[in-house]
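For the single chain, residues carry numbers from 1 onward in sequence order.
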Amino acid sequence: MTLNQIKQAIYALYLTNKFGIKLKGDHTPDDMTRIRLEYAETLLSRLNISVEVEGIEKVNQGGQYLIVSNHRSIIDPLIVEIALKHKGINSLWIAKKELYNSFFFGMFTRNAGTVLLDRESSTMSSFFTDIKNKVSNGYSISVFAEGTRNKSDETLTEFKEGAQIIAMKNRLPILPVFIKTNANEVLGESVKNNTKDLKIIINIGDMIDYKDRSKTLQDSYKSRFNLL
(Lines give C-alpha, C1' and ligand atoms only; values in the text may rest on other atoms or scores of the structure.)
Protein backbone atom coordinates (compact mmCIF):
# COMPACT_ATOMS: atom_id res chain seq x y z
CA MET A 1 0.00 0.00 0.00
CA THR A 2 1.12 3.54 -0.72
CA LEU A 3 1.34 6.16 2.02
CA ASN A 4 -1.75 7.88 0.61
CA GLN A 5 -3.71 4.62 0.69
CA ILE A 6 -2.75 4.06 4.33
CA LYS A 7 -3.74 7.62 5.27
CA GLN A 8 -7.07 7.33 3.48
CA ALA A 9 -7.85 3.96 5.10
CA ILE A 10 -7.06 5.28 8.59
CA TYR A 11 -9.16 8.39 8.04
CA ALA A 12 -12.07 6.39 6.63
CA LEU A 13 -11.97 4.03 9.61
CA TYR A 14 -11.90 6.96 12.03
CA LEU A 15 -14.75 8.74 10.26
CA THR A 16 -16.92 5.63 9.94
CA ASN A 17 -16.65 4.86 13.65
CA LYS A 18 -17.07 8.52 14.64
CA PHE A 19 -20.39 8.67 12.84
CA GLY A 20 -21.28 5.17 14.03
CA ILE A 21 -21.06 6.52 17.58
CA LYS A 22 -23.06 9.64 16.63
CA LEU A 23 -25.83 7.41 15.29
CA LYS A 24 -26.02 5.36 18.47
CA GLY A 25 -29.16 5.76 20.55
CA ASP A 26 -32.57 7.12 19.68
CA HIS A 27 -32.89 9.50 16.75
CA THR A 28 -35.80 10.76 14.73
CA PRO A 29 -35.86 9.52 11.12
CA ASP A 30 -34.92 13.03 9.93
CA ASP A 31 -31.96 13.21 12.30
CA MET A 32 -30.71 9.77 11.29
CA THR A 33 -30.87 10.72 7.61
CA ARG A 34 -29.09 14.01 8.34
CA ILE A 35 -26.24 12.30 10.23
CA ARG A 36 -25.77 9.66 7.53
CA LEU A 37 -25.73 12.38 4.87
CA GLU A 38 -23.14 14.35 6.83
CA TYR A 39 -20.96 11.24 6.92
CA ALA A 40 -21.41 10.64 3.19
CA GLU A 41 -20.56 14.20 2.22
CA THR A 42 -17.58 14.41 4.58
CA LEU A 43 -16.01 11.18 3.31
CA LEU A 44 -16.59 11.86 -0.40
CA SER A 45 -15.24 15.38 0.01
CA ARG A 46 -12.06 13.92 1.50
CA LEU A 47 -11.87 11.57 -1.48
CA ASN A 48 -12.31 14.53 -3.89
CA ILE A 49 -15.43 12.92 -5.34
CA SER A 50 -18.57 14.86 -6.28
CA VAL A 51 -21.94 13.44 -7.29
CA GLU A 52 -23.91 14.67 -10.30
CA VAL A 53 -27.58 13.65 -10.52
CA GLU A 54 -29.63 13.31 -13.68
CA GLY A 55 -33.43 12.99 -13.48
CA ILE A 56 -33.93 14.18 -9.90
CA GLU A 57 -37.20 15.84 -10.98
CA LYS A 58 -38.74 12.35 -11.25
CA VAL A 59 -38.63 11.95 -7.46
CA ASN A 60 -41.61 13.23 -5.46
CA GLN A 61 -40.75 15.34 -2.43
CA GLY A 62 -41.16 13.19 0.68
CA GLY A 63 -42.09 10.15 -1.40
CA GLN A 64 -41.95 6.62 -0.05
CA TYR A 65 -40.26 4.08 -2.31
CA LEU A 66 -38.34 0.92 -2.77
CA ILE A 67 -35.12 2.43 -4.09
CA VAL A 68 -33.30 -0.01 -6.37
CA SER A 69 -29.70 0.61 -7.38
CA ASN A 70 -26.90 -1.18 -9.17
CA HIS A 71 -23.80 -1.89 -7.10
CA ARG A 72 -20.08 -1.75 -7.90
CA SER A 73 -18.35 -0.09 -4.95
CA ILE A 74 -18.38 0.22 -1.16
CA ILE A 75 -19.28 3.92 -1.48
CA ASP A 76 -22.47 3.29 -3.49
CA PRO A 77 -24.81 3.82 -0.49
CA LEU A 78 -23.17 7.20 0.12
CA ILE A 79 -23.63 8.16 -3.53
CA VAL A 80 -27.35 7.36 -3.41
CA GLU A 81 -27.77 9.21 -0.09
CA ILE A 82 -26.22 12.34 -1.60
CA ALA A 83 -28.20 12.04 -4.84
CA LEU A 84 -31.52 12.14 -2.93
CA LYS A 85 -30.51 14.59 -0.20
CA HIS A 86 -33.00 17.35 -1.02
CA LYS A 87 -36.04 15.09 -1.52
CA GLY A 88 -37.10 14.53 2.11
CA ILE A 89 -36.79 10.75 1.87
CA ASN A 90 -35.88 8.75 4.98
CA SER A 91 -34.56 5.48 3.66
CA LEU A 92 -33.10 2.40 5.33
CA TRP A 93 -30.58 0.21 3.56
CA ILE A 94 -30.77 -3.56 3.60
CA ALA A 95 -27.45 -4.84 4.95
CA LYS A 96 -26.00 -8.32 5.03
CA LYS A 97 -24.99 -9.93 8.32
CA GLU A 98 -21.33 -9.72 7.28
CA LEU A 99 -21.51 -5.92 7.44
CA TYR A 100 -22.93 -6.03 10.96
CA ASN A 101 -19.88 -8.00 12.06
CA SER A 102 -17.35 -6.04 10.00
CA PHE A 103 -14.41 -4.45 11.83
CA PHE A 104 -14.56 -1.48 9.46
CA PHE A 105 -18.31 -0.95 8.98
CA GLY A 106 -19.89 -2.87 11.87
CA MET A 107 -20.64 -0.05 14.33
CA PHE A 108 -21.91 2.27 11.61
CA THR A 109 -24.07 -0.43 10.01
CA ARG A 110 -25.64 -1.50 13.31
CA ASN A 111 -26.46 2.06 14.36
CA ALA A 112 -27.48 3.56 11.01
CA GLY A 113 -30.97 2.06 10.94
CA THR A 114 -30.24 -0.69 8.45
CA VAL A 115 -32.44 -3.75 7.96
CA LEU A 116 -30.52 -6.94 8.69
CA LEU A 117 -30.52 -9.64 6.01
CA ASP A 118 -29.26 -12.94 7.40
CA ARG A 119 -28.98 -15.33 4.48
CA GLU A 120 -28.08 -18.17 6.83
CA SER A 121 -31.46 -17.93 8.58
CA SER A 122 -33.82 -20.85 8.01
CA THR A 123 -36.73 -18.46 7.44
CA MET A 124 -37.05 -14.98 5.97
CA SER A 125 -40.27 -14.14 7.82
CA SER A 126 -38.59 -11.94 10.42
CA PHE A 127 -36.77 -10.02 7.67
CA PHE A 128 -39.99 -9.24 5.79
CA THR A 129 -41.79 -8.40 9.06
CA ASP A 130 -39.03 -5.96 9.98
CA ILE A 131 -39.33 -4.26 6.60
CA LYS A 132 -43.13 -4.06 6.91
CA ASN A 133 -42.79 -2.37 10.30
CA LYS A 134 -40.28 0.14 8.96
CA VAL A 135 -42.45 0.96 5.95
CA SER A 136 -45.51 1.42 8.16
CA ASN A 137 -43.50 4.02 10.08
CA GLY A 138 -42.90 6.01 6.90
CA TYR A 139 -39.49 4.74 5.83
CA SER A 140 -38.43 3.99 2.29
CA ILE A 141 -36.27 0.91 1.71
CA SER A 142 -33.05 0.96 -0.35
CA VAL A 143 -31.61 -2.18 -1.87
CA PHE A 144 -28.89 -3.33 -4.22
CA ALA A 145 -30.95 -5.76 -6.26
CA GLU A 146 -27.88 -7.62 -7.54
CA GLY A 147 -27.33 -8.77 -3.96
CA THR A 148 -23.62 -8.05 -3.88
CA ARG A 149 -21.05 -5.88 -5.64
CA ASN A 150 -20.76 -6.48 -9.36
CA LYS A 151 -17.09 -7.19 -10.08
CA SER A 152 -17.70 -8.53 -13.58
CA ASP A 153 -17.44 -6.87 -16.97
CA GLU A 154 -21.24 -6.94 -17.28
CA THR A 155 -23.18 -3.70 -16.73
CA LEU A 156 -25.54 -5.58 -14.41
CA THR A 157 -25.52 -9.01 -12.84
CA GLU A 158 -28.72 -10.94 -12.20
CA PHE A 159 -31.18 -9.35 -9.78
CA LYS A 160 -32.27 -11.30 -6.71
CA GLU A 161 -36.03 -11.87 -6.52
CA GLY A 162 -36.29 -10.37 -3.01
CA ALA A 163 -36.47 -6.76 -4.22
CA GLN A 164 -39.66 -7.30 -6.22
CA ILE A 165 -41.20 -9.23 -3.31
CA ILE A 166 -40.47 -6.32 -0.95
CA ALA A 167 -42.15 -3.87 -3.30
CA MET A 168 -45.25 -6.04 -3.74
CA LYS A 169 -45.66 -6.94 -0.06
CA ASN A 170 -45.45 -3.29 0.96
CA ARG A 171 -47.10 -1.70 -2.09
CA LEU A 172 -44.10 0.50 -2.67
CA PRO A 173 -43.49 2.22 -6.01
CA ILE A 174 -40.04 1.30 -7.25
CA LEU A 175 -37.55 4.12 -7.78
CA PRO A 176 -34.77 2.93 -10.11
CA VAL A 177 -31.39 4.62 -9.75
CA PHE A 178 -28.40 3.80 -11.89
CA ILE A 179 -24.86 4.76 -10.95
CA LYS A 180 -23.57 5.35 -14.49
CA THR A 181 -19.96 5.92 -13.53
CA ASN A 182 -17.99 2.90 -12.34
CA ALA A 183 -17.65 4.14 -8.77
CA ASN A 184 -15.11 1.45 -7.92
CA GLU A 185 -12.73 2.78 -10.57
CA VAL A 186 -13.24 6.35 -9.35
CA LEU A 187 -12.61 5.29 -5.76
CA GLY A 188 -9.44 3.51 -6.82
CA GLU A 189 -8.23 6.61 -8.67
CA SER A 190 -8.82 8.69 -5.55
CA VAL A 191 -7.15 6.34 -3.09
CA LYS A 192 -4.20 5.30 -5.25
CA ASN A 193 -3.38 8.59 -6.96
CA ASN A 194 -5.11 11.25 -4.84
CA THR A 195 -6.67 12.61 -8.04
CA LYS A 196 -8.67 15.83 -7.66
CA ASP A 197 -12.09 16.80 -9.02
CA LEU A 198 -13.42 13.29 -9.54
CA LYS A 199 -17.09 12.94 -10.44
CA ILE A 200 -19.68 10.20 -10.29
CA ILE A 201 -22.89 10.49 -12.34
CA ILE A 202 -26.09 8.88 -11.07
CA ASN A 203 -29.22 8.65 -13.20
CA ILE A 204 -32.77 8.40 -11.85
CA GLY A 205 -35.27 6.57 -14.02
CA ASP A 206 -39.03 6.65 -14.37
CA MET A 207 -40.97 4.96 -11.60
CA ILE A 208 -41.79 1.24 -11.84
CA ASP A 209 -45.25 0.15 -10.68
CA TYR A 210 -44.95 -2.64 -8.12
CA LYS A 211 -48.11 -4.21 -9.61
CA ASP A 212 -46.60 -4.49 -13.10
CA ARG A 213 -45.76 -8.16 -13.69
CA SER A 214 -45.43 -7.89 -17.48
CA LYS A 215 -41.63 -7.84 -17.05
CA THR A 216 -39.17 -8.90 -14.43
CA LEU A 217 -37.87 -6.11 -12.22
CA GLN A 218 -34.50 -6.41 -13.91
CA ASP A 219 -35.99 -5.97 -17.39
CA SER A 220 -38.05 -2.98 -16.23
CA TYR A 221 -34.95 -1.49 -14.64
CA LYS A 222 -32.87 -2.02 -17.78
CA SER A 223 -35.53 -0.42 -19.98
CA ARG A 224 -35.42 2.76 -17.85
CA PHE A 225 -31.75 3.23 -18.68
CA ASN A 226 -31.59 1.69 -22.17
CA LEU A 227 -29.46 -1.18 -20.91
CA LEU A 228 -31.28 -3.87 -22.90
Side-chain angles (χ1 to χ4, degrees), residues 1-25 27 31-53 67 69-85 91-120 142-157 177-203:
M1 292 179 72
T2 66
L3 180 59
N4 183 63
Q5 286 174 298
I6 294 170
K7 286 181 178 179
Q8 294 283 38
I10 292 172
Y11 179 74
L13 178 61
Y14 156 75
L15 198 68
T16 302
N17 283 283
K18 173 186 175 181
F19 278 89
I21 292 170
K22 278 183 90 169
L23 284 161
K24 193 172 183 179
H27 296 283
D31 281 344
M32 186 171 290
T33 299
R34 176 184 54 78
I35 295 169
R36 290 202 318 257
L37 180 59
E38 183 184 354
Y39 165 71
E41 293 185 318
T42 303
L43 183 55
L44 263 63
S45 176
R46 174 62 178 253
L47 293 168
N48 302 306
I49 297 172
S50 64
V51 178
E52 179 180 308
V53 188
I67 301 165
S69 175
N70 60 321
H71 191 24
R72 280 196 179 271
S73 83
I74 60 173
I75 61 171
D76 289 346
L78 314 187
I79 296 166
V80 177
E81 292 265 0
I82 291 172
L84 299 175
K85 69 177 181 178
S91 178
L92 301 177
W93 283 94
I94 293 173
K96 295 181 292 186
K97 186 179 179 181
E98 294 87 337
L99 283 174
Y100 272 64
N101 298 327
S102 165
F103 168 75
F104 197 101
F105 293 109
M107 183 185 297
F108 186 90
T109 303
R110 289 192 298 271
N111 295 338
T114 51
V115 180
L116 172 62
L117 172 60
D118 183 359
R119 288 177 174 160
E120 297 175 359
S142 294
V143 61
F144 295 118
E146 294 165 285
T148 190
R149 276 184 286 161
N150 176 10
K151 299 178 182 179
S152 74
D153 293 330
E154 300 293 326
T155 303
L156 286 176
T157 55
V177 298
F178 178 59
I179 304 172
K180 291 172 68 174
T181 312
N182 188 323
N184 202 48
E185 292 179 357
V186 173
L187 178 61
E189 183 66 26
S190 170
V191 172
K192 292 175 185 176
N193 302 318
N194 199 27
T195 305
K196 309 298 183 185
D197 300 322
L198 295 165
K199 181 168 67 175
I200 290 172
I201 299 173
I202 184 169
N203 189 276

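In this structure, CZ on R36 lies 11.5 Å from CG on D31, to the nearest 0.5 angstrom. Distance check, rounded to the nearest 0.5 Å: OG1 of T33 to NE2 of H27 gives 11.5 Å. Rounding to the nearest 0.5 Å gives a distance of 6.0 Å between NZ of K22 and NZ of K18. Taking CG of L43 as the reference point, atom CD of Q8 lies at 8.0 Å (rounded to 0.5 Å). We find the CG-CZ distance between N203 and F178 to be 8.0 Å, quoted to the nearest 0.5 Å. Summarising the geometry, atom CD belonging to E52 is positioned 4.5 Å from atom CD1 belonging to I201; distances are rounded to the nearest 0.5 Å.
Between L84 and I67 there is a side-chain heavy-atom pair separated by less than 4.5 Å. Side-chain atoms of N150 and H71, non-hydrogen and from C-beta on, never get closer than 4.5 Å to each other. Between N184 and K151, every side-chain heavy-atom pair lies at or beyond the 4.5 Å cut-off. Counting heavy atoms from C-beta outward, L156 and E146 have side chains that approach closer than 4.5 Å. Between F19 and L15 there is a side-chain heavy-atom pair separated by less than 4.5 Å. L198 has its side chain out of reach of L47: every pair of non-hydrogen atoms, C-beta onward, lies at least 4.5 Å apart. In this structure, W93 and V80 have side chains that are in contact, with non-hydrogen atoms separated by less than 4.5 Å. Two residues are said to be in side-chain contact when any heavy atoms from C-beta on lie closer than 4.5 Å; I79 and T181 fail this criterion.
Here the rule is side chain to side chain contact (heavy atoms under 4.5 Å, CB included) with F108, and of L99, T114, T16, I21 only T16 fits it. Exactly one of T155, I202, I179 qualifies for a side chain to side chain contact (heavy atoms under 4.5 Å, CB included) with N70. That residue is I179.
Scanning all heavy atoms of the two residues, the minimum distance from N111 to M32 falls at O-CE, 4.0 Å. Scanning both residues, L92 and G113, for their nearest heavy atoms gives CD2-O, 2.8 Å. Between A40 and L78, the shortest heavy-atom distance links the atoms CB-CB, 3.7 Å. Smallest separation of non-hydrogen atoms from Y100 and R110: O-NH1, 2.5 Å. Of all non-hydrogen atoms in F103 and L13, the two that sit nearest each other are CE2-CD2, 3.9 Å.
No donor-acceptor distance shorter than 3.5 angstrom exists from the side chain of R149 to the backbone of S73, with no hydrogens or angles considered.
Side chains of E154 and T157: a donor-acceptor N/O pair is absent below 3.5 angstrom, by distance only.
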